2 protein chains.
Amino acid sequence: MEDNINCAYCNNKVCFINQHCSVNWMNIISEAKNQLWYKKGQYIFREGDRIFGLYFIERGKVKIISTGLNNKEQIVRLAVTGHVIGHRGENHETYPIGAVALEDTQLCFLDNDIVYEAFMNNPNLTFSLMMFYSSELRKTEIRERHLAQMSIREKIADTLLYLKEIFGMNSTDGSLNAVLSRQEIAEIAGTSVEQVIRELTDFENEKLIIKQGRKIILFDVDGLVRIVAPHNKNRYSSAWPRPNRNGFLGKQ
Amino acid sequence: MEDNINCAYCNNKVCFINQHCSVNWMNIISEAKNQLWYKKGQYIFREGDRIFGLYFIERGKVKIISTGLNNKEQIVRLAVTGHVIGHRGENHETYPIGAVALEDTQLCFLDNDIVYEAFMNNPNLTFSLMMFYSSELRKTEIRERHLAQMSIREKIADTLLYLKEIFGMNSTDGSLNAVLSRQEIAEIAGTSVEQVIRELTDFENEKLIIKQGRKIILFDVDGLVRIVAPHNKNRYSSAWPRPNRNGFLGKQ
DNA sequence: GTAAGAATCTGTTTTTTCGCAGGAAAAGGC
DNA sequence: GCCTTTTCCTGCGAAAAAACAGATTCTTAC
């Protein structure tokens, strides 16, 4: 017997279930769900596994990976609290991607059958999840496509901004709320470790960031945005060309 | 007054509306929809336009584009009969991508308000569209991510296979059911026209394809798959390493 | 605290890709 | 059909990125 928290008392208020299900269905789901805990570095599922339902991230950070040539890991997407992983496919489909916890992470697993019933009985749940996927699709399409045309310098600046968007910045010192290795940054940017290291050094010399071991402080966000901006006017329009509010001025 | 075809008598049976709406709702939608015709090369919407609803492709081919650096067009996605374009966003959102007809194309436009009502009253419609987006998202993520790590040669082989997947092959001569310029192929592969031209010449010399002007015959599909395979074992597993049924043998 | 191992950094070489220039071929308009 | 315009093709030099090798620093286990 699982010792499930009832969704009604769950702290995660950005959860799709919590936001879009009737009280009645929240009770059904509370009974049916499997609450899972993963330690940092642990696999949630592996490439090729069959997935039997949806995982809702209750609290934590997850990387979605896919292995390319030479068994080289590539980070396909990052997911945080409130996101859904394990897109529901047909039952016979296997899933060519894996998911790994980037820090201690808590998930709620829902079986496909229950999920389906929940969808049929909670139109707003289905609708909001559809909007989520639609929005993610649009963002992914544009982001990845532009990535294909960018120089290394632009790719890495873009990756730092992506990390800021997903994980956020510490409001005290301006550091990214995520600790990734240089290797992982390379796997997101789609380049080699050496290039990431070189470019981060350049960014530091240009007073755009400050390196403190693996911790990265985004010292001049607008400066980074300017590097990527020609490719992403629409994505970053709210932040550009607005003057830097901190008074910091990046290298032109 | 529009002279709308009633959905019940529409020839496009892969349409989401036709497959997943009640008869009652099909009538409502038949009244509400706007049927639109676009000539080859015509814009359906432009980058930055506000989109007020969904476009269902009744018949035709469409490219979704996004402008990057130097006003260089990039093809973000291709869509054909049965697909949906103009992902519904919030009303205030503008849409940083454009859509252009690749051949004479017929669309059904549905206003956001009607679409929303249809979603709330046809759970299977919402569900199937959610699955569509979810599946597109997964495919896009993996495809684009692998593209980032591929060599030019691999990118272009992958693009040819993508075109085959979307548009299909003529069963008589094995040519792609789509006529794209070298420029457009470059915009899909994420490289320059020159590289596309060079690589297509190489592929022809290696007896993988046959060029006939803009028409491209995929002479040895398995050979192309082998070029990309290390990156895409899962995507192409059904076609690889199955022996070539035509008896053609590509260069090893 | 120490030592082993892993990750990070830097200089150099090699490979790949880009992009111009100019000629050939094809597509489209009349 | 013919002519104009666009697209396609090829070679070459420049630039960018990747790959390698070795030194240094940081982690982590004991």
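So that the names make sense, note that chain A is the first sequence line, chain B the second, and so on, each numbered from 1. Given the structure is predicted, the values throughout are model-derived calculations rather than measurements.
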Five-pair end axes of the helix from dG1(C)-dC30(D) to dC30(C)-dG1(D), angle between them (10°):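 Rounded value for the end-axis angle: 70°.
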
Could I get a table of every N or O pair under 3.5 Å where one atom is in the protein and the other is in nucleotides 22-25 of chain D?
none

Criterion salt bridge (Lys or Arg N to Asp or Glu O under 4.0 Å) against D104(B), the qualifying member of K61(B), R59(B), K39(B):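 Of the listed residues K61(B), R59(B), K39(B), the salt bridge (Lys or Arg N to Asp or Glu O under 4.0 Å) partner of D104(B) is K39(B).
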
Salt bridge present between R143(B) and D158(B) (N-O < 4.0 angstrom): yes

Carboxylate-amine/guanidinium contact R77(A) E141(B), below 4.0 Å: yes

First of Q195(B) and K40(B) reached from the 5' end of DNA chain C, by closest nucleotide: Q195(B)

H83(B) ring center within less than 6.0 Å of F56(B) ring center: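 No - the distance between ring centres of F56(B) and H83(B) does not fall below the 6.0 Å cut-off.
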
Check the distance between [N]'s [atom2] and [X]'s [atom1] and give it to me in whole angstrom.
{"X": "E184(B)", "N": "dT7(D)", "atom1": "CD", "atom2": "P", "result": "10 Å"}
{"X": "R214(B)", "N": "dC8(D)", "atom1": "CZ", "atom2": "C1'", "result": "9 Å"}
{"X": "I152(B)", "N": "dA18(D)", "atom1": "CD1", "atom2": "C1'", "result": "14 Å"}
{"X": "F203(B)", "N": "dC9(D)", "atom1": "CZ", "atom2": "P", "result": "14 Å"}
{"X": "E187(A)", "N": "dA18(D)", "atom1": "CD", "atom2": "C1'", "result": "16 Å"}
{"X": "K215(A)", "N": "dT27(D)", "atom1": "NZ", "atom2": "P", "result": "12 Å"}
{"X": "R198(B)", "N": "dT17(C)", "atom1": "CZ", "atom2": "P", "result": "11 Å"}
{"X": "E154(B)", "N": "dT15(C)", "atom1": "CD", "atom2": "P", "result": "17 Å"}

Has [X] got a side-chain N or O lying under 4.0 Å from the OP1 or OP2 atom of [N]?
{"X": "T191(B)", "N": "dT17(C)", "value": "no"}
{"X": "T201(A)", "N": "dT10(C)", "value": "yes"}
{"X": "S192(A)", "N": "dA19(D)", "value": "no"}

Touch class at under 4.0 angstrom, heavy-atom based, for I197(A) against every strand present: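 Base contact.
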
Touch class at under 4.0 angstrom, heavy-atom based, for K211(B) against every strand present: sugar-phosphate

Is it true that [Y] and [X] share a donor-acceptor pair across their side chains at a distance under 3.5 Å?
{"X": "S151(B)", "Y": "E154(B)", "result": "yes"}
{"X": "E47(B)", "Y": "T67(B)", "result": "yes"}
{"X": "E187(A)", "Y": "Q183(A)", "result": "yes"}

Residue whose closest nucleotide on DNA chain D lies nearer the 5' end, K155(A) versus V193(B): V193(B)

Crowding at CG, D173(A) (>12 non-hydrogen neighbours, <6.0 Å):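 Counting other residues, nucleotides and ligands, CG of D173(A) exceeds 12 neighbours.
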
Side-chain donor/acceptor contact of E194(A) with base of dC9(C) under 3.5 Å: no

Min side-chain heavy-atom separation K40(A)-L102(A) under 4.5 Å: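 In short, these two side chains do not touch, never coming nearer than 4.5 Å.
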
Minimum heavy-atom distance between A99(B) and I64(B), given as atom pair plus value: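 Result for this residue pair: CB-CD1, 4.0 Å.
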
